[in-house]
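Input: a single structure, listed below in structure tokens.
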Amino acid sequence: QVQLVESGGGSVQAGGSLRLSCVVSGVRFEHYCMAWFRQAPGEEREGVIAINGDDTTYSTDSVKGRFTISRDNAKNTVVLSMNNLKPEDTSVYHCGAASAIVCYAGSWRESVRYNYWGQGTQVTVSA
């Protein structure tokens with residue numbers, strides 16, 4: 001049984017930082033493209049940042065220079081570090097797992113490519 005369990009969400013003021021973790025079980029973690037998506041009420045799920053098994057990373061322009069992603073293959077964990085948070089970053093953040101080819105092919109933003117998802121964790125940034 002595949003499980004992705006996120007933790008670390010919360011509420012911060014603008015300019016603050018948060019760190020989200022996602023622990024994965026039931027798959028060969030090192031073979032997966034791992035990503036963080038976010039989804040605000042009434043909006044589509046948006047790809048934020050991704051990392052492949054070889055630590056190549058990909059991110060959307062709005063978070064470049066503020067968000068970083070890392071993974072620990074020995075602990076089956078992917079971490080999203082968010083700095084200089086803005087109110088527009090407020091959302092439910094989900095971690096997703098996809099075949100490695102999804103990252104390599106440049107398709108990491110496409111949520112339909114992901115096989116597995118976590119339950120989500122709320123991030124709220126106040127002005």
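Computation of the quantities below employed the complete heavy-atom set of this structure, encompassing side-chain atoms and omitting hydrogens, waters and symmetry-equivalent molecules. Keep in mind it's a predicted model, so treat the numbers as computed, not measured.
In this structure, the side chains of Y58 and N52 come closer than 4.5 Å at one or more pairs of heavy atoms. Residues V12 and S17 have side chains not in contact (no heavy-atom distance under 4.5 Å, counting atoms from C-beta outward).
Linking ILVMFWY residues whenever their side-chain heavy atoms come closer than 4.5 Å, directly or via other members, places V125 and V63 in the same cluster. Linking ILVMFWY residues whenever their side-chain heavy atoms come closer than 4.5 Å, directly or via other members, leaves V48 and W108 in distinct clusters. A continuous path of ILVMFWY side-chain contacts below 4.5 Å connects V2 to M34, so both sit in one hydrophobic cluster. Hydrophobic clustering (ILVMFWY, side-chain heavy atoms < 4.5 Å, transitive): L85 and V92 are in distinct clusters. Note: the hydrophobic cluster containing I69 also contains F29 (ILVMFWY, side chain heavy atoms under 4.5 Å, direct or indirect links).
Here the straight-line distance linking atom CZ of R19 with atom OG of S81 works out to 5.5 Å at 0.5 Å rounding. Atoms OG1 and CG, from T124 and D89 in turn, are 11.0 Å apart once rounded to the nearest 0.5 Å. Atoms SG and CD, on C22 and Q3 in that order, are 11.0 Å from each other to the nearest 0.5 Å. Between atom CZ of residue R71 and atom CG of residue L80 there is a gap of 14.0 Å, rounded to the nearest 0.5 Å. Put simply, OG on S111 and CD on E46 are 11.0 Å apart, with the number rounded to the nearest 0.5 Å. Rounded to the nearest 0.5 Å, atoms NE2 (H94) and OG1 (T121) are 9.5 Å apart.
In this structure, G96 and Y114 approach most closely via the heavy-atom pair C-CD2, 3.6 Å. Across all their heavy atoms, G53 and N73 have their closest contact at O-ND2, 3.8 Å. For R109 against T60, the heavy-atom pair with the smallest separation is NH2-CA, 3.8 Å. In terms of heavy-atom proximity, A35 sits nearest to A50 at CB-CB, 3.7 Å. Contact detail for I49 and S59: the closest heavy-atom pair is CG1-CB, 3.7 Å. When every heavy atom of A40 is checked against every heavy atom of T90, the shortest pair comes out as CB-O, 4.4 Å.
Judged by distance alone, the side chain of S91 and the main-chain N or O of Q39 form a donor-acceptor pair under 3.5 Å. Using a distance-only test at 3.5 Å, with no hydrogens or angles considered, a donor-acceptor pair links the side chain of N76 to the main chain of V24.
Counting heavy atoms of neighbouring residues, nucleotides and ligands inside a 6.0 Å radius, atom CD of E88 exceeds 12 of them. Within a 6.0 Å sphere centred on CZ of R66, heavy atoms belonging to other residues, nucleotides or ligands number more than 12.
In this pair, Y93 and F67 present their aromatic rings tilted. The plane angle is within the 30 to 60° band. Using cut-offs of 30° and 60° for the angle between ring planes, the Y32 and Y116 rings count as tilted.
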Item checked: Pair E110-V102, side chain to side chain contact (heavy atoms under 4.5 Å, CB included): steps then yes or no -> CA-CA 9 Å; E110 300 172 23; V102 170; over 6 Å; no
Check: Step by step, would you call E6 with W36 a side chain to side chain contact (heavy atoms under 4.5 Å, CB included)?
Finding: CA-CA 10 Å; E6 299 114 335; W36 288 92; 3.8 Å; yes
Next item on the list: Dump the intermediate steps for side chain to side chain contact (heavy atoms under 4.5 Å, CB included) on L20 and M82, then the final yes or no.
Entry: CA-CA 8 Å; L20 308 183; M82 303 183 290; 3.8 Å; yes
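Residues satisfying the salt bridge (charged side-chain N to carboxylate O under 4.0 Å, His left out) test with R45, not counting sequence neighbours, are none.
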